[in-house]
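In what follows, every heavy atom counts, from backbone to side chain, and hydrogens, waters and symmetry copies are set aside. Remember, predicted model here, so these are calculated numbers, not experimental data.
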Amino acid sequence: MSDASYLSLQKLTLAYGDTVAVPDLDLDIAKGELIALLGPSGCGKTTTMRAVAGLLPVKSGHVRLDGADITHVSPNKRAVGLVFQSYALFPHLSVYENVAFGLKLKGLRGAELDKKVRSGLTSVGLSTFADRKPAELSGGQQQRVALARSMVMEPKVLLLDEPLSNLDARLRLEMRTELQRVQKETGVTMIFVTHDQAEALALADRIVVMKAGKIEQIGSPEDIYNRPVSSFVADFVGFENIFPLENGRLRTASGLEELSSQPPSAAGLAWRPRMVSLGTGPFRGTVRGTSFAGDSREYLLDTPLGAIKAEVEASAPAHPLGAELAFDLPAHKAAPLSTFS
Amino acid sequence: MNSNTLARSLFIPIILFLVIAFLIGPFLIIVAASFSAGDTLAFPPQGFSLRWIAKVFTVESFRASFGMSLFLAIGGTAAALVLGIPASYALSRYKLPGAEVIRTVVSAPIIVPGIIVGLALLRYIVVPFQVGITLALFLAHTALVLPYAVRVVSASLDNLRSDIEEAAVLLGSSRTGAFFRVVMPNIRGGILSAFILGFVTSFNQVPVSLFLSGPGVRTLPVDMIAYMEIVFDPSVAALSALLAFLSIGIVFAAERFLGFSRYV
């Protein structure tokens with residue numbers, strides 16, 4: 001086992017009955033990494049996570065963890081923790097008993113048990129809530145109990161299913177910080193599943209973008225955000241203007257269009273709204289929609305190329321609906337895409 | 001206020017009064033009759049005495065049939081739960097092929113008239129297979145209570161998230177262990193409610209038990225009918241009143257401590 005493949009999925013194929021959800025997945029995760037599985041619903045990210053936990057039987061391929069093949073090890077003997085999206089706290093047990101649940105099954109008793117439970121609760125800031133029932137806690141508190149309940153087991157891998165999606169904006173930031181802190185302090189390998197690119201970008205060391213059961217791109221948050229390899233990833237991380245490239249020209253609604261400068265060789269080009277220059281350029285469009293977002297203003301343009309989204313500084317003069325504007329899609333700013341679908 | 005609106009405003013209260021009188025009236029008459037000092041079952045009661053209530057406890061056959069009814073109600077309901085809890089679990093947690101058919105079959109004893117169930121059991125089970133009456137009664141009561149057990153337990157299982165079982169497994173529990181550690185404690189209220197409902201249903205059951213009676217083997221309600229055919233004194237009223245108060249007491253306690261009405 002090398003350090004880069006602490007958790008290793010090898011040719012993993014997962015299926016529900018005869019429907020293959022994930023075909024032939026290969027993925028290596030290093031010890032202590034914080035990985036995000038990112039993708040729209042139905043992309044296989046949750047299926048993959050459940051297979052790592054052992055909750056879903058593997059059709060073919062292998063799951064290796066810390067040097068051992070755990071493909072057929074039952075979920076209660078894997079040392080893999082999972083924080084459920086719904087938290088899945090035991091409603092009949094107090095916060096204390098929830099955290100003690102797994103430790104008791106490990107055979108811990110008395111002072112040793114108490115010490116571990118207390119320190120688990122303290123680490124998530126819930127030591128004064130030990131006697132409450134889960135129903136008496138807020139969503140954020142419930143999630144921290146779920147986190148403590150998994151972490152006291154000292155898992156080799158901690159899986160988190162949409163950890164921030166049920167929280168409001170303020171709690172999200174708090175929980176994000178909390179997860180990063182726990183990860184830093186314990187060095188546990190974490191994999192979380194999310195459909196929210198902002199969440200993945202903010203939290204992960206490495207992001208695995210999935211589409212239809214396959215890995216579309218693996219990279220750092222900067223890679224994914226700035227250098228998407230495919231039109232799918234580009235679209236997913238907010239490139240709103242995406243066109244295929246043919247012989248150095250853009251394939252658009254009006255046919256092949258020449259760009260103002262020589263484009264790189266690629267299967268397609270993608271521009272974020274902010275990368276579109278408004279006011280000058282070879283293309284013309286009519287303002288069909290506009291929205292003000294504090295620092296910036298976004299325009300939706302009707303153009304011969306198709307719909308174009310452009311974003312400019314809010315301090316720039318506003319254009320009314322129906323105004324005709326010149327614009328440019330500067331080739332040097334565009335993200336080159338190696339696959340276009 | 002003219003007479004028209006007066007009539008209209010009295011209409012609802014009068015209907016309500018009649019409905020309540022219709023529901024509770026017979027019970028009140030029986031309670032009153034059981035305190036009668038006279039020798040025959042009559043209303044209004046003649047005088048006041050507790051002698052018929054005292055007599056209930058001295059009738060030998062009442063004691064035997066009360067024991068039988070109690071055995072059937074407790075044993076039958078327990079057996080129905082032993083069968084019904086796993087059945088409910090399977091129906092609520094797994095996408096079984098033909099789940100709807102299973103549900104319908106399980107509920108059949110509620111829908112099919114008791115007379116027919118009793119006759120069918122007698123004709124096709126008891127007679128051809130020479131099954132003892134006590135065993136036949138036990139099987140019949142188990143089958144009759146099963147629909148209630150499945151319905152009430154299913155209702156509380158449906159309210160319980162299934163991912164807590166997966167959470168328990170990932171914390172080191174076996175699948176079976178997870179059922180007993182996190183499912184059972186959370187459906188305890190439903191199980192107790194099913195038990196009470198089953199107990200009362202079984203205890204008050206007449207039509208099926210009517211067919212399945214033998215020498216010395218009778219349930220209490222059937223025995224009361226038999227007693228009334230021979231003796232027409234107020235002791236049957238006294239016994240009825242006692243049983244009614246017992247049922248009310250059980251249901252009241254269940255509602256008080258379990259929130260019984262949530263499950264039924």
Side-chain angles (χ1 to χ4, degrees), chain A residues 16-17 46 49-56 73-94 97-108 117 120 133-135 142-143 145-162, chain B residues 81 85-86 88-100 152-196 254 256-263:
Chain A
Y16 295 102
T46 304
M49 186 194 67
R50 290 177 63 82
V52 172
L55 295 172
L56 184 77
V73 173
S74 61
N76 54 347
K77 298 190 173 69
R78 284 194 177 200
V80 171
L82 173 54
V83 176
F84 288 79
Q85 186 175 9
S86 63
Y87 319 136
L89 298 180
F90 309 128
H92 64 296
L93 297 178
S94 69
E97 288 163 325
N98 263 280
V99 176
F101 188 89
L103 295 172
K104 280 187 186 163
L105 288 170
K106 262 189 180 175
L108 263 64
V117 175
K133 286 282 173 68
Q142 288 185 33
Q143 183 159 42
V145 175
L147 182 64
R149 187 177 67 174
S150 289
M151 285 306 297
V152 294
M153 299 297 287
E154 293 163 14
K156 290 178 173 172
V157 175
L158 181 66
L159 308 168
L160 301 118
D161 189 6
E162 302 273 2
Chain B
L81 281 170
I85 293 171
S88 313
Y89 184 79
L91 285 170
S92 108
R93 288 293 185 266
Y94 303 106
K95 289 188 190 97
L96 298 175
E100 276 318 300
V152 177
V153 174
S154 290
S156 55
L157 273 173
D158 290 341
N159 286 330
L160 187 67
R161 302 191 56 96
S162 60
D163 50 16
I164 63 167
E165 292 165 62
E166 293 184 337
V169 167
L170 287 168
L171 292 169
S173 175
S174 65
R175 275 271 166 198
T176 322
F179 179 80
F180 288 105
R181 289 192 184 97
V182 303
V183 177
M184 285 294 270
N186 284 304
I187 60 168
R188 209 177 42 195
I191 292 172
L192 278 167
S193 295
F195 189 88
I196 289 159
R256 183 73 209 274
F257 298 113
L258 299 171
F260 186 52
S261 52
R262 271 190 297 151
Y263 300 100

ask   = Considering only heavy atoms from C-beta outward, does the side chain of V169(B) approach that of S74(A) to under 4.5 Å?
value =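 Result no, sub-4.5 Å side-chain heavy-atom pair not found.
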With rounding to the nearest 0.5 angstrom, report the [atom1] to [atom2] distance, [X] to [Y].
{"X": "R50(A)", "Y": "E166(B)", "atom1": "CZ", "atom2": "CD", "value": "4.0 Å"}
{"X": "F90(A)", "Y": "L171(B)", "atom1": "CZ", "atom2": "CG", "value": "5.5 Å"}
{"X": "N186(B)", "Y": "L93(A)", "atom1": "CG", "atom2": "CG", "value": "7.5 Å"}

Most contacts with chain B, counted as non-hydrogen pairs under 4.5 angstrom, among [options]:
{"options": "G102(A), G81(A), P155(A), G54(A)", "result": "G102(A)"}
{"options": "M153(A), H92(A), Q85(A), K77(A)", "result": "H92(A)"}
{"options": "S86(A), A53(A), S150(A), A146(A)", "result": "S86(A)"}

ask   = Of L55(A), L159(A), V83(A), which is the lone residue that meets side chain to side chain contact (heavy atoms under 4.5 Å, CB included) with L170(B)?
value =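 Running side chain to side chain contact (heavy atoms under 4.5 Å, CB included) over L55(A), L159(A), V83(A) with L170(B) returns exactly one hit, L55(A).
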ask   = Closest heavy-atom contact between A88(A) and A167(B)?
value =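 Looking at all heavy atoms of both residues, the shortest contact is O-CB, 3.8 Å.
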inquiry  = Heavy-atom cut-off 4.5 Å, strictly under: side chain, backbone, both or neither for R78(A) against chain B?
reply    =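 For R78(A), no heavy atom lies under 4.5 Å from chain B.
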inquiry  = Could you check whether atom OH of Y16(A) has more than 12 heavy atoms from other residues, nucleotides or ligands sitting under 6.0 Å from it?
reply    =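 Yes, because the 6.0 Å sphere around OH of Y16(A) holds more than 12 heavy atoms from other groups.
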Can I get a per-line list of side-chain donor-acceptor pairs under 3.5 Å for residues 173-185 of chain B, giving both atom names and the distance, sequence neighbours left out?
residue : atom : partner : partner atom : Å
S173(B) : OG   : A178(B) : N            : 3.1
S173(B) : OG   : R181(B) : NH1          : 2.9
S174(B) : OG   : G177(B) : N            : 2.9

